Amino acid sequence: MTIRTRFAPSPTGYLHIGGVRTALFCWLYARRHGGQFILRIDDTDAERNRPEALQPILDGFKWLGITWDEGPEVGGPHGPYFQAQRGDLYRAAVMKLLETGKAYPCYMTKEEIDVLRKDAEANKASYVHRGRDRDLSPADAVRMFREKPASVRLKVAADQVVVIDDQICGKVEVQTNTISDPVIARSDGSALYNFATVVDDVAMNITHIIRAKEHLSNTPVQVLVYEAMGVKPPVFAHVPVVNAPNSNKKLSKRDAHKFVTPEVIAALRGVHAVPAEWTDEQIKKNESLNPVMVEFYRVMGYLPEGVINYLGRLGWSLDDKAEIIPIETMRANFGFERVNSSSASFDPAKMLWVASEYTKVAPLDSKIDGVIPVLQRAGLLGDTIDRDKLGTVVLACSERLKIFADVLNYAAFFFRDPQYDAKAVKQRLHKEGVAEALREFAELLKTADPFDVPTLEAKLATFSEAKQLKAGDLNHAMRVATTGVMIGPGVFECLVILGKDETLRRIDVALQLPRT
RNA sequence: GCCCCCAUCGUCUAGUGGCCUAGGACAUAGCCUUCUCACGGCUAAGACAGGGGUUCGAGUCCCCUUGGGGGUACCA
């Protein structure tokens with residue numbers, strides 16, 4: 001039997017970090033066992049769903065490399081893969097349960113049920129609904145339902161125990177006496193989640209249901225639906241939820257704005273991911289550029305491999321040491337045995353570190369590719385792209401690039417004139433006697449040939465020795481004069497990339513900066 | 001209220017009765033390296049929620065308490 005897993009997102013417009021992790025586990029499990037991963041769109045809640053809201057989700061999965069074998073865009077033999085288009089299937093399944101006496105139309109009014117519930121509460125007991133029309137014969141049930149449609153409930157057997165042998169949570173047992181007869185279809189004929197999901201999972205031959213832990217409580221009802229349909233339930237694996245940073249509260253879209261801290265706002269502005277005129281409040285309200293959404297990491301220039309690694313490692317471990325686990329290794333080793341049964345907090349700092357490990361070892365070409373959109377968005381790079389120059393810049397930045405947004409911190413001055421930092425100028429350029437020395441050294445620079453790192457380094461060494469200067473002072477001054485700031489790649493590398501003429505020009509400009 | 005689940009450093013985790021004076025990683029602090037920053041190296045600090053059992057022996061098994069999460073919907 002081939003293993004089939006599925007992920008069923010709602011088209012909300014954004015791909016949530018927690019959802020991606022669950023989807024990743026589904027994908028990993030299917031791939032590990034040579035099975036299939038199916039994407040099914042849960043668009044039954046018309047209010048919350050907009051048709052255009054699906055694309056960003058698909059794009060997010062594609063960016064991460066989570067490929068689906070059946071679903072939107074690719075189709076498949078078990079379609080449609082949009083639940084809103086599967087209403088007839090649900091209705092047919094309801095009829096079948098009615099005919100076989102496994103379900104019944106419930107004609108009790110909400111008011112009647114409320115009275116029973118209140119009574120139960122008054123007796124400090126929990127209310128377990130058993131409809132009055134439960135014992136209708138199947139023939140009568142079907143006839144009455146045809147004449148007068150009503151909500152349909154599943155008949156829950158008395159005095160039994162539903163056992164779920166969950167691959168992550170272990171054995172979970174629930175008494176049927178604590179389970180109300182669940183409504184499986186509304187009076188208007190539409191199916192409820194607990195029913196629709198089972199009908200679909202059966203129809204799509206899903207063998208392993210891997211989903212968030214919050215669904216564990218629903219599972220007994222679903223198992224009962226499987227049994228009523230005469231189908232053996234699939235294997236269940238409930239993955240603990242992802243919590244918000246430093247908290248034990250679920251990372252929810254609802255609280256998403258809380259994660260847009262002043263640092264995040266600064267980062268988003270820094271990479272020009274939002275229009276400059278937006279206020280902080282507007283940025284907070286933007287749903288997709290939020291650290292709980294995948295899109296945020298794409299915009300900040302995280303390598304998707306890093307995001308995958310971090311998410312895969314969150315709640316799952318390979319062994320007692322491994323942190324950097326390439327996706328191929330995960331694919332080859334992922335299993336439920338090493339998925340933790342408790343929830344895990346999302347840690348942006350560790351995510352950054354993991355991502356940086358991937359960025360550091362990325363091939364030059366992929367670094368160039370990564371840096372291009374960041375520079376373009378910042379208006380530092382046009383449509384004509386000089387990959388050779390970008391290559392030298394990226395190389396000069398070397399391991400300073402943890403994510404591609406860092407190129408703006410370390411290398412912006414290669415693409416525009418220096419923006420002189422007042423503090424840097426004061427401390428480094430206007431330090432006692434330094435500017436004068438720099439003026440003199442600039443003259444010497446004119447004769448540098450070739451204009452490369454060893455030559456420049458040697459010139460500075462002999463010059464500072466002859467003048468009894470600290471080489472560092474001159475280095476620092478030169479950096480500030482040519483880049484405007486105190487941090488960056490090695491000065492000599494910077495000068496070489498800028499070229500002799502530009503270097504001399506910038507030094508000249510800098511030397512005319514007023515003293516404060 | 002009732003039902004279900006969870007509980008190791010701030011965070012992610014290793015640990016499946018003796019290998020644990022609890023290991024690794026991120027973050028933090030200090031030192032080293034260094035033209036700045038970043039990288040790298042070294043070091044430090046830092047955890048078994050509490051209480052009862054079981055056992056020669058418990059982070060590991062059982063029970064209770066506490067804390068957290070989920071469900072209890074004609075939501076998903």
Side-chain angles (χ1 to χ4, degrees), chain A residues 8-10 42 44-45 47-48 83 106 110 113 117 120-121 123-129 150-153 164 166 168-170 172-175 177-180 182-194 196-197 212-221 238 240-241 243 245-250 310 313-324 337-338 340-354 356 360 397-402 406 409-410 424 428 457 460 470-480 483 485-492 494:
Chain A
S10 296
D42 184 352
T44 49
D45 189 344
E47 202 173 294
R48 214 153 72 184
Q83 290 186 302
C106 185
K110 194 171 189 318
I113 296 172
R117 179 171 292 133
E121 276 168 22
N123 295 325
K124 299 206 172 192
S126 60
Y127 175 64
V128 178
H129 183 82
S151 63
V152 176
R153 290 183 187 261
I164 299 154
D166 192 277
I168 294 169
C169 306
V172 177
E173 300 186 354
V174 180
Q175 301 288 329
N177 292 347
T178 66
I179 304 174
S180 284
V183 174
I184 58 176
R186 300 182 180 91
S187 339
D188 68 2
S190 61
L192 270 87
Y193 170 77
N194 274 332
T197 194
K213 187 88 157 257
E214 61 211 65
H215 290 284
L216 184 59
S217 301
N218 292 320
T219 308
V221 167
H238 286 91
V241 297
N243 288 337
N246 288 304
S247 104
N248 41 26
K249 294 266 188 285
K250 186 182 148 196
Y310 176 73
R313 182 65 184 64
L314 188 64
W316 173 79
S317 62
L318 176 63
D319 54 32
D320 59 339
K321 295 264 159 52
E323 296 290 345
I324 301 307
E337 325 77 58
R338 297 193 73 91
N340 238 357
S341 49
S342 53
S343 53
S345 298
F346 178 73
D347 182 355
K350 185 149 183 180
M351 165 97 126
L352 211 211
W353 175 77
V354 173
S356 78
K360 276 191 274 184
C397 289
S398 70
E399 310 210 319
R400 274 163 276 249
L401 294 186
K402 293 182 175 178
D406 289 329
N409 303 330
Y410 292 113
R428 298 274 154 95
E457 222 164 352
L460 183 115
K470 273 196 281 186
D473 280 348
L474 207 51
N475 267 319
H476 292 150
M478 212 152 37
R479 171 186 303 284
V480 172
T483 73
V485 291
M486 287 198 270
I487 64 163
V491 218
F492 301 114
C494 289

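Note that this is a predicted model, so its numbers are computed, not measured. To find a chain, count down the sequence lines: A is the first, B the second, and so on, and within it residues start at 1.
Distance from the side chain of A:D347 is smallest for B:C26 among the nucleotides B:G1, B:C26, B:C5. Nearest nucleotide to the side chain of A:K249, out of B:G69, B:G24, B:C74: B:G69.
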Handout entry: Sequence-aligned protein contact record of nucleotides 43-51 of chain B, with B where the base is within under 4.0 Å of a protein heavy atom and S where only the sugar-phosphate is
Key = ---------
Problem - Base versus backbone protein contacts along nucleotides 29-37 of chain B [heavy-atom cut-off under 4.0 Å; B, S, -] - result: ------BBB
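By the salt bridge (charged side-chain N to carboxylate O under 4.0 Å, His left out) test, A:K360 is found to be paired with A:E357, residues two or more places apart in sequence or in another chain being considered. In terms of the salt bridge (charged side-chain N to carboxylate O under 4.0 Å, His left out) criterion, A:D166 has no residue partners (sequence neighbours excluded). Listed by chain and number, the residues in a side chain to side chain donor-acceptor pair (under 3.5 Å) with A:Y193 are A:H215 (sequence neighbours excluded). For A:K402, the salt bridge (charged side-chain N to carboxylate O under 4.0 Å, His left out) criterion is met by no residue, not counting sequence neighbours. Residues meeting the side chain to side chain donor-acceptor pair (under 3.5 Å) test with A:S343, sequence neighbours left out: A:N243. Residues satisfying the side chain to side chain donor-acceptor pair (under 3.5 Å) criterion with A:N340, sequence neighbours excluded, are absent altogether. For A:R338, there are no salt bridge (charged side-chain N to carboxylate O under 4.0 Å, His left out) partners two or more places apart in sequence or in a different chain. The side chain to side chain donor-acceptor pair (under 3.5 Å) check on A:D319 picks up nothing, with sequence neighbours excluded.
When both pairing distances are held under 3.5 Å, B:A14 makes no Watson-Crick or G-U pair with any nucleotide shown. Pairing of B:C2, defined by two Watson-Crick or G-U wobble distances under 3.5 Å, is identified with B:G71. Nucleotide B:U60 forms a pair with no other nucleotide shown, judged by Watson-Crick or G-U wobble geometry with both contacts under 3.5 Å. Nucleotide B:A44 is matched to B:U28 when pairs are restricted to Watson-Crick or G-U wobble geometry with both distances under 3.5 angstrom. Partner assigned to B:U34 is none, using Watson-Crick or G-U wobble distances below 3.5 angstrom. Across all strands shown, B:U66 forms a Watson-Crick or G-U wobble pair, both distances under 3.5 Å, with B:A7.
Place A:E323 and A:W316 on RNA chain B by their nearest nucleotides, and A:W316 ends up nearer the 5' end. In terms of position along RNA chain B, the nucleotide closest to A:E173 lies nearer the 5' end than the nucleotide closest to the other residue of the pair A:F346 and A:E173.
For B:U13, the OP1/OP2 oxygens have a side-chain nitrogen or oxygen of A:N340 closer than 4.0 Å. In this structure, A:R153 reaches the B:C74 phosphate: one of its side-chain N or O atoms is under 4.0 Å from OP1 or OP2. For the OP1/OP2 pair of B:G15 and a distance below 4.0 Å, the side-chain nitrogens and oxygens of A:R338 include at least one atom meeting the criterion. The side chain of A:S343 contributes no N or O atom lying less than 4.0 Å from OP1 or OP2 of B:C6. At B:C74, none of the side-chain N or O atoms of A:S190 fall inside 4.0 Å of OP1 or OP2 (strictly under the cut-off).
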Below 3.5 Å between N/O atoms, which protein atoms pair up with nucleotides 60-63 of chain B? Just atom names and distances, please.
none

Got a list of protein N/O to nucleotides 71-73 of chain B N/O distances below 3.5 Å?
unit_1 : atom_1 : unit_2 : atom_2 : d
B:G71  : O4'    : A:S217 : OG     : 3.4
B:A73  : OP2    : A:R117 : NH2    : 3.3

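Side chain A:T178 to base B:C2: no donor-acceptor pair is found below 3.5 Å.
Taking atom CG of A:N248 as the reference point, atom C1' of B:G68 lies 5 Å away to the nearest angstrom. A:N243 has its CG atom 12 Å from the C1' atom of B:A7, to the nearest Å. One can place NZ of A:K321 at 13 Å from P of B:A14, the figure rounded to the nearest angstrom. For the pair A:Q175 CD and B:C3 P, the interatomic distance rounds to 11 Å; values are reported in whole Å. One interatomic measurement links the two molecules: CZ of A:R313 to P of B:C12, which rounds to 11 Å at whole-angstrom precision. Taking atom CG on A:D319 and atom C1' on B:C12, their separation rounds to 14 Å, with Å as the unit. Atom CD1 of A:I179 is separated from atom C1' of B:C2 by 13 Å (rounded to the nearest Å).
No engagement by A:H238 is indicated, since no non-hydrogen atom pair under 4.0 Å with the nucleic acid exists. Nucleic acid contact class of A:S151 (heavy atoms, under 4.0 Å, all strands): base. Backbone-only engagement by A:G315 is indicated by non-hydrogen atom pairs under 4.0 Å involving sugar-phosphate atoms exclusively. Looking at heavy-atom distances under 4.0 Å, A:K360 makes contact with sugar-phosphate atoms alone, never a base. As judged by a 4.0 angstrom heavy-atom cut-off over every strand, A:K402 is placed among residues touching the sugar-phosphate backbone only. Using a 4.0 Å heavy-atom distance criterion, A:S187 is classed as a base contact.
The separation of B:C48 from B:C31, taken at their P atoms, amounts to 30 Å, rounded to a whole angstrom. To the nearest whole angstrom, the two P atoms, one in B:C42 and one in B:A58, are 36 Å apart. Nucleotides B:C63 and B:G70 have their P atoms positioned 24 Å apart, rounded to a whole Å. Taking atom P on both nucleotides, B:C4 is separated from B:A44 by 47 Å, rounded to a whole Å. A distance of about 16 Å separates the P atoms of B:A38 and B:C26, rounded to the whole Å. Taking atom P in both B:C56 and B:A14, the straight-line distance is 31 Å, to the nearest Å. Rounded to whole Å, the separation between the C1' atoms of B:G51 and B:A45 comes to 29 Å. Of the C1' atoms belonging to B:U65 and B:G15, the separation is 25 Å, rounded to the nearest Å.
Residues A:R400 and A:D406 come closest through the heavy atom pair O-OD2, 3.7 Å. Pairing each heavy atom of A:V491 with each of A:N475, the nearest pair is CG2-OD1, 3.5 Å. Across all non-hydrogen atoms, the minimal contact from A:I487 to A:Y410 is CD1-CE2, 3.8 Å. Heavy atoms only, all atoms of each residue included: A:A212 and A:H238 are closest at O-CD2, 3.5 Å. Heavy-atom minimum distance, A:S342 versus A:P240: O-CB, 3.4 Å. Summarising the geometry of A:V183 relative to A:A185, their closest heavy-atom pair is CG1-O, 3.3 Å, with the distance given to 0.1 Å.
The backbone N or O of A:M478 lies less than 3.5 Å from no partner atom in the side chain of A:R428, so there is not a single donor-acceptor pair. Between the A:K213 side chain and the A:S341 main chain, a donor and an acceptor come within less than 3.5 Å of each other.
The CZ atom of A:R313 sits 9.5 Å away from the CD1 atom of A:I324 when rounded to the nearest 0.5 Å.
Side-chain atoms of A:S190 and A:R186 include a donor-acceptor pair closer than 3.5 Å.
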